[in-house]
J.: 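Following this message is one structure expressed as structure tokens.
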Amino acid sequence: MRAGRIVLSLFFVLLLVSACSNLTDEKIDQSPSSTKEELFPPEKKASIFINNQAYPMEKGGYQWERKKGSQVEIVTTDHASINQMAEKIEPIRVDAMEVLSIRFEDEPNYELHLWNETGREQEISVENNQFTAPVEKGIYVYEVFATWENGERSFAFVLEIQ
């Protein structure tokens, strides 16, 4: 009788170990790389182009949301201000009145803002993804605030007018 209980116990232990290993295999098969699920939050890239030379913008804070079944998942970051970011960004040297292009890996709606030491100073006009550098020499800090269907992100860059 005792030997029967031991055999039965071993059978249940083996069954449990087998079931757990199958669950692990299922989790591996459900990974984003195997299901081609998009990265969340998505990586969005933006660049400034001057004479066909690309200068990546510094990524700032973001907020993204997505539906997961009947729930909505929201991811938000608290990032340094644009001025704090600008302290660590190497300025792009450009000539006064030079035409610059803004490009994204996809097509969000966006606004371009010039910053001063206290915050946003003014919105800059952008037509066909292009804007003109300022006339006066100096350092200029910019924010691009982009919105997509399921999220938003800010980007920063700094111009030095020679």
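Quick note: numbers below take in every heavy atom, side chains included, and nothing from hydrogens, waters or symmetry partners.
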J.: Once you measure the plane-to-plane angle for F104 and W148, does it fall in the parallel (<30°), tilted (30-60°) or perpendicular (>60°) bin?
T.: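 If you compare the ring of F104 with that of W148, the planes turn out perpendicular.
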J.: Below 6.0 angstrom between ring centroids: does that apply to Y62 and F145?
T.: no
J.: Charged N to carboxylate O below 4.0 Å: is that the case for K45 and E105?
T.: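 No, this pair does not count.
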J.: Enter the distance from I161:CD1 to D95:CG here, rounded to the nearest 0.5 Å.
T.: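 Between atom CD1 of I161 and atom CG of D95 there are 8.0 Å.
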J.: Look at the side chain of Q71 and the backbone N and O of K68, then say whether any donor-acceptor pair between them is shorter than 3.5 Å.
T.: no
J.: Side chains of E73 and W64: closer than 4.5 Å at any heavy-atom pair?
T.: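 No, every pair of side-chain atoms sits at 4.5 Å or beyond.
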J.: Could you check whether Q122 and N116, counting side-chain N and O atoms only, form a donor-acceptor pair closer than 3.5 Å?
T.: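 Side-chain D/A pair, N116 to Q122: absent.
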J.: Does K59 pair with E43 as a salt bridge, N-O distance under 4.0 Å?
T.: yes
J.: Please work out which of the three classes, parallel, tilted or perpendicular, describes the rings of Y142 and F157, given edges at 30° and 60°.
T.: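 F157 vs Y142 ring planes: parallel.
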J.: Going from CG on L100 to CD1 on I50, what distance comes out if it is rounded to the nearest 0.5 angstrom?
T.: 4.5 Å
J.: Indicate yes or no: at least one non-hydrogen side-chain atom of E111 is less than 4.5 angstrom from one of E143.
T.: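 E111 does not reach E143 side chain to side chain.
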J.: Answer yes if F155 and V141 sit in the same cluster of Ile, Leu, Val, Met, Phe, Trp and Tyr residues linked by side chain heavy atoms under 4.5 Å apart, and no otherwise.
T.: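 Unlinked, F155 and V141 end up in two clusters.
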J.: How about R93: does its CZ atom have over 12 heavy atoms from other parts shown lying under 6.0 Å from it?
T.: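 No.
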